[in-house]
Amino acid sequence: MKTYESYLNSMHRLGRITGVIALIFIIGVPALTCWKFDIFPPLGNLMAGLGSLLVIYIPISLIEVMMYTPMAGIGGSYLLFVTGNLTNLRIPALIMCMESAEVQSATEEGEIISTIAVAASALTTTIIIGLGVLLLVPLTPVLNDPTLKPAFDNILPALFGALAVAWMGSSTSGFSQWKVAIMPLILATIVVMAMGGHAGRYIGILIPGLGLLSIIFARFMYKKGWIKVDSALPES
Amino acid sequence: MDNYLDVANSSFLAIMGGMVFIFLLLQCTLFLRKAWNRGVESGMDKAKLKGAIRQSMIFSIIPSLPILISLIAMAPVLGIYFPWIRLSVIGSAPYELIAADVGAKSMGISGLGGEGYTAAIFASSMWIMSLGIVWGLVIVLLFLNRIQGTISKAKSKDAKWIPIMVAALFAGLLSVFLGDIIAGSLVELLPGSEGAIGLGLPVLIISAVSMLFFGVLIKKFEMNWLRDFALSFSMVIAMAAAVLVLN
């Protein structure tokens with residue numbers, strides 16, 4: 001029988017190979033589409049827009065990796081970060097399976113159950129979305145009907161109203177999250193009003209700017225004791 | 001290529017989506033088989049392994065449906081196939097819409113699918129949606145074998161501040177998008193404007209109120225199944241209101 005260590009090593013290898021293939025797909029799809037249809041967006045604008053998002057999403061990704069990899073183990077982690085949907089799907093599925101199998105993270109049985117749980121969950125989601133696409137294709141003319149246009153023109157306000165309530169009402173970070181959102185929201189509204197009501201291309205400056213200001217506000221409130229954290233990162 | 005939807009709904013992107021779909025099925029199956037074999041080899045009860053597969057699959061059905069609803073909502077704006085790919089690999093509806101909108105705005109047009117949203121700008125949305133989301137995977141690929149030992153160190157060093165900082169960053173992002181929608185309507189109320197506040201703010205408010213309402217239902221009646229659906233239901237209600245009531 002092979003040792004557990006050699007199993008983990010071969011899991012690392014499988015994870016890396018499939019992870020790199022996933023990366024190639026992620027980057028290959030826009031790259032090939034641009035090449036095939038001969039459409040190339042101006043690089044400068046693209047970099048500015050991308051940069052503004054990375055300021056936010058790289059720290060978020062880092063924290064997610066730190067929070068979830070100890071729980072998910074080796075095999076589970078590679079799959080988690082390819083298939084996504086961490087907080088709404090994979091993590092609850094994984095916790096439930098590990099609890100009912102009575103196994104712990106960072107043990108051999110825990111490693112195996114967590115890999116199985118993440119893989120089974122990701123298979124299910126992939127198949128459901130795939131079936132959904134098959135059903136959706138014949139519906140396209142209905143969805144593109146001009147009567148429905150106001151609905152899809154307002155997809156962002158429809159998302160952000162609910163997202164704002166959900167996020168501000170939540171305390172999954174360990175404190176009442178609305179506290180860090182109020183000041184930046186007021187500020188952002190005033191700034192955009194001063195710009196005539198549309199952020200437009202300045203969104204690339206506004207996102208990192210407001211991100212930085214929110215951190216300064218939050219630091220101030222934290223130091224003053226206005227934000228109390230119940231628990232830090234979950235124990236592994 | 002003036003109409004970006006010709007690109008977005010092209011058979012080329014459909015084939016790409018199919019390839020990603022097959023890759024994901026293969027990848028999951030390989031991981032599942034490997035872990036299963038190891039479990040059997042190390043003497044774990046097969047019933048335990050089977051139980052984990054069954055439980056995880058059954059649990060995952062319901063929370064996968066909101067992803068499908070958001071795909072339907074995104075299809076007329078970004079086509080079917082690219083959102084399919086994005087939502088299958090790492091993505092989530094809020095992130096994809098934020099990134100797609102940044103892709104449009106950084107090209108100097110008002111927003112998603114709006115006036116001047118050409119194929120080149122759709123391509124810009126595609127790039128930003130793709131390159132903005134890969135970092136968790138990149139970090140895992142580069143550092144997973146080393147990262148697990150270092151977490152305890154990071155935890156002890158002002159561990160309470162880290163989640164606040166990350167939440168504050170996201171609050172900044174949320175504020176820009178909310179502020180853009182709110183300000184767009186509020187400027188119309190200033191003296192000297194036409195006073196047509198548009199649909200943005202009313203749709204935002206309806207969506208927020210729906211979410212509050214679902215929150216009450218979940219708390220009062222312990223309708224926990226509703227948790228996963230509240231966001232997508234609120235979106236659909238607000239979008240329907242844009243057609244039915246406000247138009």
Side-chain angles (χ1 to χ4, degrees), chain A residues 7 18-19 29-30 39 41 45 49 53 56 58 61 63 65 81 84 89 93 97 101 112-113 115-117 119-126 128 130 132-133 143 150-152 154 157-158 161-162 165 173 180-181 184-185 188-189 192-193 197 199 201 203-204 206 210-211 214-215 218 229 232, chain B residues 24 27-28 31-32 35 38-39 52-53 56-57 59-60 63-64 68 76 84 90 102 105-106 108 119-120 123-124 126-127 130 132 135-137 139-141 159-160 163 166-169 171-173 175-176 179-184 187 200 203-204 207-208 211 234-235 238-239 242-243 247:
Chain A
Y7 166 75
T18 52
V29 169
I39 36 174
N45 298 28
L53 269 193
I56 311 286
I58 289 183
S61 304
I63 294 297
V65 173
F81 286 91
L89 254 166
C97 288
I112 288 164
I113 293 290
T115 305
I116 287 180
S121 169
L123 265 180
T124 311
T125 310
T126 306
I128 289 180
V133 168
L143 290 172
F152 295 104
N154 287 289
V165 168
S173 304
V180 295
L185 176 57
T189 308
V192 180
M193 281 182 76
R201 74 175 73 210
I203 201 141
L206 282 180
L210 259 295
S214 319
I215 291 182
V229 181
Chain B
L24 286 172
Q27 188 196 18
C28 294
F31 274 77
L32 191 61
R38 176 68 202 177
I53 296 178
S56 180
M57 284 190 142
F59 167 82
S60 302
S64 297
L68 208 53
W84 174 32
I90 323 181
V102 168
K105 288 202 168 103
S106 61
S124 155
M126 283 178 83
W127 276 111
S130 304
W135 302 98
L137 177 59
I139 295 167
V140 164
L141 286 177
K160 289 193 170 172
V166 172
L169 262 178
L173 177 77
S175 308
V176 173
D180 192 27
I181 297 163
I182 297 170
V187 285
V203 170
L204 183 97
S207 164
M211 192 71 193
S234 304
M235 254 178 101
M239 287 166 75
V243 175
N247 208 24

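Here is how names work: the chains are called A, B, and so on, in the same order as the sequence lines, proteins then strands, and each is numbered from 1. Basis for what follows: all heavy atoms, side chains included, without hydrogens, waters or symmetry-related copies. This structure is a prediction, so every number in the text was calculated from the model and none was measured.
- Proximity to chain A (any heavy atom under 4.5 Å) is restricted, for L68(B), to the side chain, taken from C-beta onward.
- The two residues W135(B) and I58(A) have their closest heavy-atom pair at CG-CG1, 3.8 Å.
- Between chain A and the options A238(B), S234(B), A208(B), heavy-atom pairs under 4.5 Å are most frequent for A208(B).
- Of all non-hydrogen atoms in M126(B) and P30(A), the two that sit nearest each other are CE-CA, 3.8 Å.
- When I116(A), I113(A), L210(A), V29(A) are compared by the number of non-hydrogen pairs under 4.5 Å with chain B, I116(A) comes out ahead.
- Ranking V180(A), I215(A), T115(A) against chain B, the residue ahead of the rest is I215(A), based on heavy-atom pairs under 4.5 Å.
- Residue T125(A) holds its OG1 atom at 10.0 Å from CG of L24(B), rounded to the nearest 0.5 Å.
- Expressed to the nearest 0.5 Å, how far CE of M57(B) lies from CD1 of I128(A) amounts to 9.5 Å.
- Heavy atoms only, all atoms of each residue included: T18(A) and Q27(B) are closest at OG1-NE2, 3.1 Å.
- Of the residues considered (A122(A), A93(A), A181(A)), A93(A) shows the highest number of contacts with chain B, using heavy-atom pairs under 4.5 Å.
- Of the listed residues (I182(B), V140(B), V102(B)), the greatest number of heavy-atom pairs within a distance under 4.5 Å of chain A belongs to V140(B).
- The two residues V243(B) and A151(A) come nearest to each other via the heavy atoms CG2-CB, 3.5 Å.
- Per-residue counts of heavy-atom pairs under 4.5 Å with chain A were compared for A167(B), G184(B), A123(B); the largest is that of A167(B).
- A distance-only check finds a donor-acceptor pair linking the side chain of S207(B) to the backbone of A162(A) [under 3.5 Å].
- Between chain A and the residues F31(B), F59(B), W84(B), the largest count of heavy-atom pairs under 4.5 Å involves F31(B).
- Between G19(A) and L137(B), the shortest heavy-atom distance links the atoms O-CD2, 3.8 Å.
- Here the shortest heavy-atom pairing between I53(B) and A120(A) reads O-CB, 3.8 Å.
- For chain B, the nearby parts of L89(A) are the backbone and the side chain; heavy atoms of each come within less than 4.5 Å.
- Looking at S124(B) and N45(A), their side chains never come closer than 4.5 Å, going by heavy atoms from C-beta outward.
- Contact count against chain B (heavy-atom pairs under 4.5 Å) is highest for G197(A) among G197(A), G84(A), G211(A).
- Atom CG of L206(A) sits about 11.0 Å away from atom CG of L173(B), to the nearest 0.5 Å.
- Of the atoms belonging to I181(B), it is side-chain heavy atoms, and not backbone ones, that fall under 4.5 Å from chain A.
- The candidate with the highest count of non-hydrogen atom pairs below 4.5 Å against chain A, out of S56(B), A171(B), G172(B), is S56(B).
- Heavy-atom pairs under 4.5 Å with chain A peak, among G39(B), P76(B), A168(B), at P76(B).
- Scanning for side chain to side chain contact (heavy atoms under 4.5 Å, CB included) contacts around D180(B) gives V192(A), A199(A), K105(B), with sequence neighbours left out.
- Under the rule for a side chain to side chain donor-acceptor pair (under 3.5 Å), the partners of S60(B) that lie at least two apart in sequence or sit in another chain are S121(A).
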